[in-house]
Every structure is written in C-alpha cells, then in structure tokens.
Amino acid sequence: MTEPIQRPWWQDALIYQLYIRSFADSNGDGIGDIEGIRSRLGHIASLGADAIWLNPCYPSPQHDHGYDVANYFDIHDEYGTLDEFDQLVAEARDHNIKILMDLVPGHSSQDHRWFRAALAAGPGSAERDRYYFRDGKGADGSKPPNNWQSAFGGPAWTRINEDSDDGQWYLHTFAREQPDFDHTNVDVQQLFVDIFEFWFDRGVEGFRVDAVAGVGKHPDLPDQPPVGPDVGVLDITWVNPYIAFRPEGHEAWRRFRTAADSYMQRHPERELMMVAEAYAVRRPEIIKAFTEPDQFHQMFSFDLMLTPWEKASIERAMQDPLAILEETGVAPAWTLNNHDIQRIVTRLGREDAHRPESWTNNNLALSRAGVDTDLGERRARAMASLIFALPGSLYLYQGEELGLPEVFDIPDDRREDPVFERTGGAEIGRDGCRVPLPWDDDASSSYGFSVPRPNGSVGEPWLPQPAGWGAHSVATLEGIPLSTLHIYRKLGEARTAYATNQPLTADPVELGAGLVGVRRGSLLVVVNTTTEAVALDMNNPELADAQLVFASEPDEVDTPDMIPPNSTLWFTT
Ligand code: BGC
C-alpha cells in the first residue's frame, strides 16, 4: 500500500447526495430537516464520505422541491435555520465531511421578490429585464412569443394578466413556477457573485450547479425547428438549439469561476469546487467545453447511470470520461443514481436490463419490463464496486447504500413531482426515487424517518413509504453481515486502501467474454456481467501475482479465479 496522493480533494472524493426532504425528520412533521441530518452524520461518515451535496434547502414554495428558490440567502423554514445550518457545517467538519450546496442559476421561484417586482413594474421596466418577458404574437398578443416547450411538458411560456393591457409572457424552461433568469442582466450577474460570497463565508466548500444546459438563450428567441416523432415529451427542450448548451451560458460560467477563484485568492486555505449538472452522455465535446480551466472544475458523467447491464455498453460508457481525463486532466464525476432518475436496483433488475436497445437516455421513459429487485440489487453492488475503483469523484445518492428500489405504488393524489401534473400523468415523474429513507423497522415512526413530536404523534411522511420499507432500513441491514450497507462500507474502506492512492488514470483490460476489466495503477477490477460464474485465466499477464482484495459477493468466492455471476472483484497486482 502506498501513501495517499496529494491532489485537490474533489478530484477523487466520495460525495453523499443528501435529499434533505427525505433524509431524516427531527420534529415529526413528516419532512426531513437539518437537525435530522445532524443526528445522522455518523451514518454518512461510516460510508467514508468526504462531502455531502445538499439538494436545495433555500426558502421555496416547493413547486419543484427546492429547485424553485424564493431567497438564495436563507434556509427553508421547514428545514431549519441558518444557525442550524452553521452548526451542521461545523459538525460535519468534525467528521471530515465538507458541505456542497446546490445552486440553481437558471431560474428563481415565482415567489422570489425580483419576480414579484417584475410583475408589478410592468413592460419595459428594469425589473422585467432580469427575466425573459416578451409580448405575445397575434393581434392581441394571445399567442406565445415562440414555440418552445418546457422540459417538464407543456409550453415554455406563461402569460400574465391575460385580461389587461399588460398581457406579456415570461419564459420558463421548467415549470411555470420557475421563471428563467436572463444572465446577460447585470443585476442577475451580481446576485450570483453575492450568493457565492454568502455561502463560502459560511464554510460551504462548493456547489453542484443545476441544469447548466438550459442557461443562456439565443438572443432572438427564434422558433424551435420541428422535432421528429421519436423525441419524447421531456426531451423536446434538450434538442432545442436555441436553449440547450448555448454559447451564451459559458459567459455565465466564466463569471462563476472568477467569483470562486477570487474568493480562493482571498482565502488561500480554501479549496472550492463547482460541479456542473447536464446530461451530456456521449458528447465529450460538451463536457470539455464546460470544464475549460476558466469554467467548472467537474461535470457529471451520467454515462454509467444510463447504461444497460452489458459488457460493451459499460465499456463504452467509461470511454469518454476516461479519455477526457487523459486529455485534459479533468477527473470524472461518476454517478449511478440521483433524485431525478429511477433507482439503479430497479433499472438493472429489469428483465431486459442487458439489452442496449431497451434503453433510452431518458430514464423516466425506461422499459416497463418486469423487475427482479434481488438481481437488481446485486448488479447495483457490482456497478458500485466498479465506480468506487475508478479515478474521479463519485456521487452516491442517499438510499443507494440501502439497496432501495424505485417505489411505484404512490397514489396519484400523493404524487408531488410537477412532471406528473404537467404531462397529465403520462409521465409518473420522479417521486419514486425520493421516498423518505427507512432507518429502522418501526412503521409507527415512518420507519425511523420521523422522530415523534412531544405528544407522541408522527405526521404523514411527505411521500408515502411502501409497506415493508423497514426491510431496507439501516437498522435491519446493520444486522445482516453481507447486506448492501456493509458492502458499501467495505467499498469505502477498499477505496481508501487500494484506489485513491493510485494515479488518476484507468485503462480497459480484456479478460474474456462478458467480463469488464479496468486497471488503475496496481489495482485491477473485473465485473462479470453474465449470469454464470466465470473462470478467470490466471495465466493472463494482467492477473500475474494478483491478490484478491475485495468482492461484491464475498460469500460466493471460493477461489479467486472464479468470479460469481453479476459481481465484481478487485485485485492488486
Ligand atoms: C434538477 C431537477 C430539477 C431541474 C430544474 C434538474 O437538473 O436536478 O431536480 O427539477 O433541474 O431545476
């Protein structure tokens, strides 16, 4: 074992994505909160996390669960107070855990004071210039300014004051409650500099920057060219050349980077970072453009998250991020789950999970084939065992360590995601991966999610938990020696012992049919994507003197040269 390598912490970090509303509820109102996080920091530390990425916890009317920010300089009252947030940052630091916030630059909430002021001020005002207000088409302006569609379904424009002379329209790439900012406006530019300063001063170490693909628009707002019938309702926005991946956005990112760099110059002890969120699968030129040295430090690699359980597809998914690393030195930010995507246990447990043609880039529209969650959980462990070894950061979404499946049996009247309503129910939306976490087997406290109020009562969890949820709970899995929770903890340890002390490089290794091989320095990782145990050829020079150091199904490994089906092994050579 060699000494840890000195590199910026975020290049090779394990980051726990924490969806605050569903993590832990300290006051029995059925909604997760900051005190809940503080009470469970030990769990996050037990996974070996270097940082927490907190989904938005700013004041918000919660039309898109925090991605509609009403005030960027405070904490949402259901979640706690700024004082509690400061305590969280300090206590997390005691566990060697940094805090990253979620920054939503593309839009505010309709409740933001600037948007209200814009409505009040009227056409042509400086207040309206912070957003995209335009007159409608047609003699009475009753038609939207152009044909753009929202990423959540339905038109991207909403008209205000339909019955008055001021019948302008405003643009919203997402829901109507999320009006788009115009980043060419100097007030908007200054707002984000102020946001950085405010949260960096509170000890936040960086930001996950939301939906960067849609920031910046073609200045003339031209009509979108016709799209083919194969483009799904939630994809129309992302094939709109006047919204998606616009050069205008990069001007904003350069300003963001200047703000972060300027802060670091004034505080040289800080090592701040920003990771960009956009779906740029198989579009390496986009990742490179966003991670130019004057823009983001990293950008998510969603390739493995959107990949079937099949050798060639998994190898292809690693190719672009690793090539970018080699070419530019920008380390990937690997992800298998997040709050927008069907959980991996369900995806990889599908009967057709191994068929590339059954996959699309849009996980909400995935296959409806039957699901074997035991199989999916096993493959999820194997896939995690791959990304824990790879060079770069990895983002682990809460509940992944519990092997949680997607929850489908949520009654329509309890669905909260605006996608459900805006598509008239055609898309069920993302609630199924956001169900509150089970901490124990006690159904009377929402499986340990809620601490009862002083009178002993517990509010309904904001999204219903399915019956039997306690079987996936932390307390239950603690008691099962090779549970997914224990495997994730072992992975965290193995990562420190054998992966992060290796160079930031990785190369594919050919080890046989159905086997995905990757070498990172002296660490060799093998994934068996087949349904059979496979004999490894120990005479292959890649496996010379190989020592088995980790297995995703340890109780099935009798000899190191036999790799169990749907599993991963780590060797040092
Ligand atoms: C976030 C979503 C959110 C959307 C709009 C996405 O990238 O991850 O949860 O609904 O941006 O802000």
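These numbers come from a predicted model, not from an experiment. Counting convention: from 1, in listed order, for ligands and their atoms alike.
H339 and Y67 share a donor-acceptor pair across their side chains, judged by distance under 3.5 Å alone. Side-chain contact of E377 with T484: a donor-acceptor pair under 3.5 Å is present, judged by distance alone. Checking R21 against Y79 by side-chain atom types alone, a donor-acceptor pair falls below 3.5 Å.
With a heavy-atom cut-off of 4.0 Å, H65 does not touch ligand 1 at all. When non-hydrogen atoms are compared, ligand 1 lies under 4.0 Å from the side chain of R434 (C-beta onward) but not from its backbone. Under 4.0 Å from ligand 1, not a single heavy atom of H172 appears.
Counting protein heavy atoms only, atom 10 (O) of ligand 1 is closest to D64 OD2, 2.6 Å. In terms of protein heavy-atom proximity, atom 8 (O) of ligand 1 is nearest to D340 OD2, 2.5 Å.
Listed by atom number, the atoms of ligand 1 under 4.0 Å from R430 heavy atoms are 2 (C), 3 (C), 9 (O), 10 (O). Listed by number with element, the atoms of ligand 1 under 4.0 angstrom from any heavy atom of F174 are 4 (C), 5 (C). Close approach of ligand 1 to H107 is summarised as follows: ligand atoms under 4.0 Å from at least one heavy atom of the residue are 5 (C), 12 (O). Near E277, meaning under 4.0 Å from one of its heavy atoms, ligand 1 places the atoms 6 (C), 7 (O), 8 (O). For ligand 1 and A211, the ligand atoms under 4.0 Å from any heavy atom of the residue are 7 (O), 11 (O).
Sorted pairs that involve residues 396-417 and meet ring-ring contact (aromatic ring centres under 6.0 Å, His included), not counting sequence neighbours, are lacking altogether. Among residue pairs with one or both ends in residues 201-236, those qualifying as ring-ring contact (aromatic ring centres under 6.0 Å, His included) are F196-F207, F200-F207, H218-Y242; sequence neighbours excluded.
At least one heavy atom of R208 lies less than 4.0 angstrom from ligand 1.
Of the listed residues (W469, F23, Y447), just one forms a ring pair (Phe, Tyr, Trp, His ring centres under 6.0 Å) with W439, and that residue is F23. When each of R128, R134, R159 is tested with Q168 by the rule side chain to side chain donor-acceptor pair (under 3.5 Å), just one qualifies, namely R128.
When D417, T173, D210 are ranked by how near their heavy atoms come to atom 12 (O) of ligand 1, first place goes to D210.
Residues Y131 and Y170 keep their aromatic ring centres 6.0 Å or farther apart.
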